[in-house]
2 protein chains.
Amino acid sequence: MVKKARGTQRREESLSRDRIIEASIALLDSSGESGLTFRALSERLATGPGAIYWHVANKSDLMTAACDTIVARTMNAPVDGATPKAIIRAVALAMFDAIDAHPWVGSALTRAPGQLPTVRVLERIGQQLCSLGVPDEEQWATVSALLNYILGVGGQNAANTHIAQEQDLDRSNFLGEVSTAWSQLDPDEYPFTRGVAGQLRVHDDRVDFLVGIDLMLSGIESSRGR
Amino acid sequence: MVKKARGTQRREESLSRDRIIEASIALLDSSGESGLTFRALSERLATGPGAIYWHVANKSDLMTAACDTIVARTMNAPVDGATPKAIIRAVALAMFDAIDAHPWVGSALTRAPGQLPTVRVLERIGQQLCSLGVPDEEQWATVSALLNYILGVGGQNAANTHIAQEQDLDRSNFLGEVSTAWSQLDPDEYPFTRGVAGQLRVHDDRVDFLVGIDLMLSGIESSRGR
DNA sequence: ACCTGAACACCGTTCAAGT
DNA sequence: ACCTGAACACCGTTCAAGT
């Protein structure tokens, strides 16, 4: 048994890194990326802005820590899939859903390359690539491609949600507006975009996301000489 | 330090949207994303912050416009490649290089989904997919995957440059540090990441980027051939 | 050790007032 | 019409001072 000599709580609970991170996540989820300020945070924690700096280096550190909490939770959840391919798909989808549920995680991941949150995903996918028999020298480029795709699409998708929110539209109205704009483009300069505008309106982000994953997985397989 | 009166009259040209955008690009290129402020911009243009708002809606509008200038320049440059596949590769690489040269373009693209700059790339790639014989119903998901990959990796790469800059390291030193951190991870929890740490140190971003593109192109081909 | 909160050096944006 | 620049409502971060 470790722990405290002076067991009685001072206030509710005393301030701690974990409590700060937990409050940050709540703030980010409810008010978006712009909702996380040291003032809002300190108010919610019934303290002063300066106190937070005792537990956290700066805002970027705080964002990365909040992000890592979500990613760790996501990567630790059990995933069903029998084959390496199925597991990669499942892991990718779990990340997609996590970013969709917490759009701020998308931009946080981009801003902390090579940090712990990214590494969790990298590791998870990398292990499956080994099982797939991707040779050592190709492993880095292959995970890198998959990881970048996952973070890229997730981030893009989060940005969509964010913008739609900012304009007080729901997601489908936002896509509807973009789709309309596309179909009014100059037919000579933008034939393809015009032609695809309709698909934009009715598409399913999750499905499209998986198409890309499958494209890459099938590319990996075919270079295995299958 | 004396403020010199330069011989040239500063406001020889009147303010215009184009002049503002041009100055913004210069500022972004020289001082990074945080270098673009309405104060710095108005000083450079020898005017007041308020004047800029006559030509530009807000900062986000300004960023998107600056971004579009770079993307338009990149997409209008001639590209060599005989086959649709080669052209897609060349277009992708051109975007990679543009984002590498102007890291702020990466984040700007993410923050303006469906806007003109993205559409330029979408159109360019989409036309080649038609030539490749991708059927109508699959066109959206396929461009979407390619586009997201390009923007995702480009953005990630730009973030790397940005962070390295912030820490006053050059790029390879930054990667060296990340690589060292990775090789010190717990061997039981992160075997793959540790194993791949060496490849991170010596890898070439451009080459890795192309690996992903080729993975997708070969996935597209193999689903055509079936 | 941990916390407080005022103060500092910035932002983007607005707007009455000028030409 | 276009521009000016002070003013407003915020930020992240610091730090002397408290417990």
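Chain letters run A, B, ... following the sequence lines, proteins first and then strands; every chain starts at 1.
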For atom [atom1] of [X] and atom [atom2] of [N], their distance in whole Å:
X: Phe38(B); N: dC15(C); atom1: CZ; atom2: C1'; result: 16 Å
X: Tyr53(A); N: dC15(D); atom1: OH; atom2: C1'; result: 13 Å
X: Asp61(A); N: dT13(D); atom1: CG; atom2: P; result: 10 Å
X: Asn58(A); N: dT14(D); atom1: CG; atom2: P; result: 8 Å
X: Ile20(A); N: dT13(D); atom1: CD1; atom2: C1'; result: 15 Å
X: Arg17(A); N: dA1(C); atom1: CZ; atom2: P; result: 18 Å
X: Arg39(B); N: dC8(D); atom1: CZ; atom2: P; result: 14 Å
X: Glu43(B); N: dG12(C); atom1: CD; atom2: C1'; result: 17 Å

[X] bridged to [Y] by N-O distance under 4.0 Å:
X: Glu33(A); Y: Lys59(A); result: no
X: Arg206(B); Y: Asp100(B); result: no
X: Asp188(A); Y: Arg194(A); result: no

Does a side chain donor of either Arg171(B) or Asn157(B) reach within less than 3.5 Å of an acceptor in the other side chain?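 Present: a donor and an acceptor within the cut-off.
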
Categorize Leu41(B) for me: base, sugar-phosphate, or nothing, with a 4.0 angstrom heavy-atom threshold over every strand shown.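 Here Leu41(B) touches no strand at all.
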
When we call it a touch if two heavy atoms are under 4.0 Å apart, what does Leu62(B) touch: a base, just sugar-phosphate, or nothing?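 Contact class for Leu62(B): none.
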
Where the side chain of [X] is concerned, which of [options] is the nearest nucleotide?
X: Ser14(A); options: dT13(D), dC3(C), dG12(C); result: dC3(C)
X: Pro49(B); options: dT13(C), dT13(D), dC3(D); result: dT13(C)
X: Lys59(A); options: dT13(C), dT13(D), dC11(C); result: dT13(D)

In Watson-Crick or G-U wobble terms, both distances under 3.5 Å, what is the partner of dC15(C)?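 Answer to the pairing question: dG5(D), which forms a Watson-Crick or G-U pair with dC15(C).
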
Does any nucleotide pair with dC10(C) by Watson-Crick or G-U wobble geometry, both distances under 3.5 Å, and what is it?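 Answer to the pairing question: none, since dC10(C) forms no Watson-Crick or G-U pair.
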
Below the 4.0 Å mark, does dC2(D) have OP1 or OP2 next to a side-chain nitrogen or oxygen of Trp54(B)?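 Indeed, a polar side-chain atom of Trp54(B) lies that close.
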
Phe96(A)-Phe209(A) aromatic ring centre distance below 6.0 Å: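 Judged by ring-centre distance (under 6.0 Å), Phe96(A) and Phe209(A) do meet the cut-off.
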
Identify, between Ile52(A) and Ala51(B), the residue whose nearest nucleotide on DNA chain C lies closer to the 5' end.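 Taking each residue's closest nucleotide, the earlier one in sequence belongs to Ile52(A).
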
